[in-house]
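The shown structure was predicted, so the numbers you read here are calculated from the model rather than taken from an experiment.
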Amino acid sequence: MSTELAACASCGAVTALQTCAGCSVAAYCGKECQRKGWKGHRLECPLLITRNQQQRDVASHKAPPTGLGGYMDALADGRDALTGRPSFTTEKKESHHAGGPYGIIDCGERGRGAAATEPLIPGMLILDEPAVASVPQKQYRDTVCHRCYQLLGKSPRQCKECSCSWWCSDSCQTEARPSHEIECAVLGQFDPKTRESLHGLRFFVQLATCTGNVAIPPKDFVSTKAPATLDGLVATISKVIPKELAVQRSTIQDSIVAVEASGFFITDLDGRRLGSGFFPSAALFNHSCSPNAIVHFDRGRIQIRALRQIATGQELFISYTELYRPVAARREALLAKKNFLCQCIRCVAEAGAGSCDQMEAFSCPAKGCSGYACVDGTAVRCVLCETAHGASVEELEQQARSISVTREHAATLLGQGRYLDCVTTVDAALKSSSNTLDPLHYERFELAVLAVDALALLPELPAARMRPFALAALAAMCAVYGQPPYNPRAIRMLEHLIRIYDSLADRVGSQDARQMLRGKATGMATRALQIATTVCGPTSATTQALKRRLDQS
């Protein structure tokens with residue numbers, strides 16, 4: 001086993017490590033960490049050993065792609081997701097991380113990024129990193145563990161000093177103790193009621209005083225906050241941090257700006273934002289609206305896995321925003337939250353003159369036509385059969401805005417626990433917009449997802465009522481993300497459909513009908529397992545549950 005100075009793949013400690021004798025990629029600080037990490041690594045080790053045999057030849061000189069399918073083809077062929085040109089070569093690599101098959105590269109005007117240092121295959125783990133600072137969202141502060149972000153369970157542990165932190169087990173409490181001791185001392189300076197609202201302060205105190213003085217990634221961060229606001233926040237944190245720690249104001253300011261630009265929401269498979277975290281290595285991965293890697297959170301750790309085959313030297317991209325959005329919405333979200341205007345090839349192509357994004361298109365008025373209608377001057381015309389809508393541009397856009405308002409109302413009903421009212425509202429909106437908005441319109445997609453989420457929360461599964469919503473949402477994801485749709489929400493949608501078909505099979509009397517429904521459930525489970533293995537990894541709880549479901553069928 002070779003020895004390198006890097007971060008341990010199990011505990012994250014930076015020290016002299018020994019790499020796995022099998023794959024020479026996973027690195028550990030000792031035998032104990034290697035034993036702990038073997039459960040997760042044993043299934044990936046064979047993939048790493050055989051990666052060279054499974055890697056296809058990369059076509060490196062092709063024209064920039066067009067259309068969503070073209071973006072996916074470009075990534076599979078090894079072209080850059082921003083320009084469509086051949087990807088970065090290994091000469092641009094500046095450093096190699098023993099904890100993962102990526103290195104840091106110079107991306108010119110875009111600062112620095114991450115690139116593959118070896119061929120990658122779909123599902124291969126690129127990065128597995130714990131947060132150096134994290135706090136749960138306010139609505140989940142007493143329902144999820146503040147260390148691993150799992151549900152607290154029946155016997156949670158609460159900090160007896162500050163009463164603000166909760167853990168699901170003794171081990172999570174022990175692991176959190178070094179950073180929480182300082183945080184707890186800071187919270188003790190405030191009265192109990194005020195402490196509950198200091199989530200932001202807790203986060204930056206953790207980051208500014210984190211063990212090992214974790215370096216902020218080398219990027220040119222620019223804050224979106226007004227100078228006075230930023231100075232006030234720095235001053236507040238400076239006052240409450242114990243003086244003996246000697247944390248500089250410049251360190252606090254750098255931490256705030258870096259997190260603002262490169263912090264992550266810790267989410268579950270339903271897309272719920274359970275908390276916020278800062279992961280220094282993950283912050284180096286740049287954004288593209290047609291990414292070749294995906295982020296997943298496992299017990300509070302961030303994992304980045306390859307979505308498709310990636311050549312050595314190709315830049316690695318993840319997504320900072322929801323991809324099932326039209327270009328204007330994606331750019332607006334990135335500009336507001338990350339302070340940059342996305343110029344990836346997907347955004348450039350969809351924002352170009354004469355382009356028409358199906359996710360904000362109208363339905364074709366002609367019967368039997370599979371096209372969609374876009375604004376063409378003063379009319380709305382189908383891009384395929386060129387049939388014009390009878391309604392004006394203003395009327396159709398007003399209908400689209402009203403559907404957006406209805407969606408927001410349905411989301412409010414869901415948040416209030418009025419699940420049946422939410423479903424009724426969604427159903428009416430989908431019916432009223434069927435002759436107006438294209439089936440892949442993002443508003444119709446979000447409405448279908450809301451209905452599925454509401455029905456899934458009812459005590460008894462209304463299988464027949466949920467099925468059309470779930471199928472519509474899944475079909476939309478397949479059209480946008482490809483087949484299979486490598487997206488966490490697709491896993492959840494397939495899991496709902498598995499439950500639906502199993503439930504229907506239990507109720508039918510015909511043996512043939514029962515077998516047909518069981519077959520559909522098995523087919524859905526197979527698809528979900530393929531997606532979960534790539535997105536979540538072979539040892540995740542989701543993947544293992546789907547494997548057990550298939551073993552029983």
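Panel note: side chain N292, backbone F317; a donor-acceptor pair is recorded below 3.5 Å. Looking at R331, its side chain does come within 3.5 Å of a backbone N or O of C342 through a donor-acceptor pair. Here the side chain of R330 pairs a donor or acceptor atom with the backbone of R325 at under 3.5 angstrom. Side-chain atoms of E443 do not come within 3.5 Å of backbone N or O of I403 as any donor-acceptor pair. Proximity of a side-chain donor or acceptor of H389 to a complementary backbone N or O of A391 within less than 3.5 Å is not detected. No donor-acceptor pair closer than 3.5 Å links the side chain of H146 to the backbone N or O of V135. A donor-acceptor pair is defined here as one N or O able to donate and one able to accept, closer than 3.5 Å; no such pair exists between the side chain of T543 and the backbone of T539. Between the side chain of R346 and the backbone N or O of S290, no donor-acceptor pair lies under 3.5 Å. At least one donor-acceptor pair under 3.5 Å links the side chain of R444 to the backbone N or O of L430.
N286 and G113 make their closest contact through ND2-CA, 3.5 Å (heavy atoms, listed as atom of the first residue, atom of the second, distance). Closest approach of F278 to G263, counting heavy atoms only: CD1-CA, 4.3 Å. Residues Y442 and P326 approach most closely at CD2-CD, 3.4 Å, considering heavy atoms. The two atoms that bring L440 and A479 nearest to each other are CD1-CB, 3.6 Å, heavy atoms only. Of all heavy-atom pairs spanning L120 and L316, the tightest one is CD1-CD2, 4.0 Å. Nearest approach of P462 to L455, heavy atoms of both residues: CG-CD2, 3.5 Å.
More than 12 heavy atoms of other shown residues, nucleotides or ligands fall within 6.0 angstrom of atom CZ in R401. Around atom CD of Q139, more than 12 heavy atoms belonging to other residues, nucleotides or ligands sit under 6.0 Å away. The environment of Q398 atom CD is dense: over 12 non-hydrogen atoms of other residues, nucleotides or ligands sit within 6.0 angstrom.
Taking the side chain as every heavy atom from C-beta outward, F297 and Y149 never approach each other to under 4.5 Å. At least one side-chain heavy atom of L269 sits less than 4.5 Å from a side-chain heavy atom of H296. Considering only heavy atoms from C-beta on, L323 comes within 4.5 Å of P291 through its side chain. Residues T542 and P488 fail the side-chain proximity criterion, which asks for heavy atoms closer than 4.5 Å. Between I531 and P485, the closest side-chain pair of non-hydrogen atoms falls below 4.5 Å. Residues Y419 and L414 form a side-chain contact, since some pair of their non-hydrogen atoms from C-beta on lies under 4.5 Å apart. Between I304 and F279, the closest side-chain pair of non-hydrogen atoms is not below 4.5 Å. By the 4.5 Å heavy-atom criterion applied to side chains, V295 and F265 are not counted as neighbours.
Here the CD1 atom belonging to I105 is positioned 10.0 Å from the CD atom belonging to Q314, to the nearest 0.5 angstrom. For the atom pair R305 CZ and L127 CG, the distance stands at 10.5 Å (nearest 0.5 Å). Considering CD of E129 and OG of S281, their distance stands at 4.0 Å, rounded to 0.5 Å. Expressed to the nearest 0.5 Å, how far SG of C145 lies from CZ of R147 amounts to 8.5 Å. Within the model, atoms CD of E350 and SG of C289 stand 8.0 Å from one another, a figure rounded to the nearest 0.5 Å. Distance check: L334 CG to L341 CG gives 8.5 Å after rounding to the nearest 0.5 Å.
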task: Test side-chain contact (heavy atoms from CB on, under 4.5 Å) on L420 and L458 and set out the steps.
output: CA-CA 8 Å; L420 289 178; L458 293 175; 3.8 Å; yes

task: Would you sort out whether E315 and C107 count as a side-chain contact (heavy atoms from CB on, under 4.5 Å), showing the intermediate values?
output: CA-CA 9 Å; E315 185 171 3; C107 299; 3.4 Å; yes

task: List the steps and the verdict of side-chain contact (heavy atoms from CB on, under 4.5 Å) for F469 and V423.
output: CA-CA 10 Å; F469 296 119; V423 175; 4.1 Å; yes

message: Between R489 and F445, is the side-chain contact (heavy atoms from CB on, under 4.5 Å) condition met? List the steps.
response: CA-CA 12 Å; R489 289 208 285 187; F445 169 74; 3.2 Å; yes

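Using modelled atom types and a 3.5 Å distance limit, the side chains of R527 and Q530 yield no donor-acceptor pair. Side-chain contact annotation: S276 with Q137, donor-acceptor N/O pair under 3.5 Å present.
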Using residues 358-381 as the side-chain source, report each donor-acceptor pair under 3.5 Å to any protein atom, sequence neighbours left out, with the distance given to one decimal.
| residue | atom | partner | partner atom | Å |
| --- | --- | --- | --- | --- |
| Q358 | NE2 | D438 | OD2 | 3.2 |
| S363 | OG | N435 | O | 3.0 |
| S363 | OG | T436 | N | 3.4 |
| S363 | OG | T436 | O | 3.4 |
| D376 | OD2 | R381 | NE | 3.3 |

Can I get a per-line list of side-chain donor-acceptor pairs under 3.5 Å for residues 493-505, giving both atom names and the distance, sequence neighbours left out?
| residue | atom | partner | partner atom | Å |
| --- | --- | --- | --- | --- |
| E495 | OE1 | R492 | NH1 | 2.5 |
| D502 | OD1 | R518 | NH1 | 3.2 |
| D502 | OD1 | R549 | NH2 | 3.0 |
| D502 | OD2 | R549 | NE | 3.3 |
| D502 | OD2 | R549 | NH2 | 3.4 |
| S503 | OG | R507 | NH2 | 3.4 |

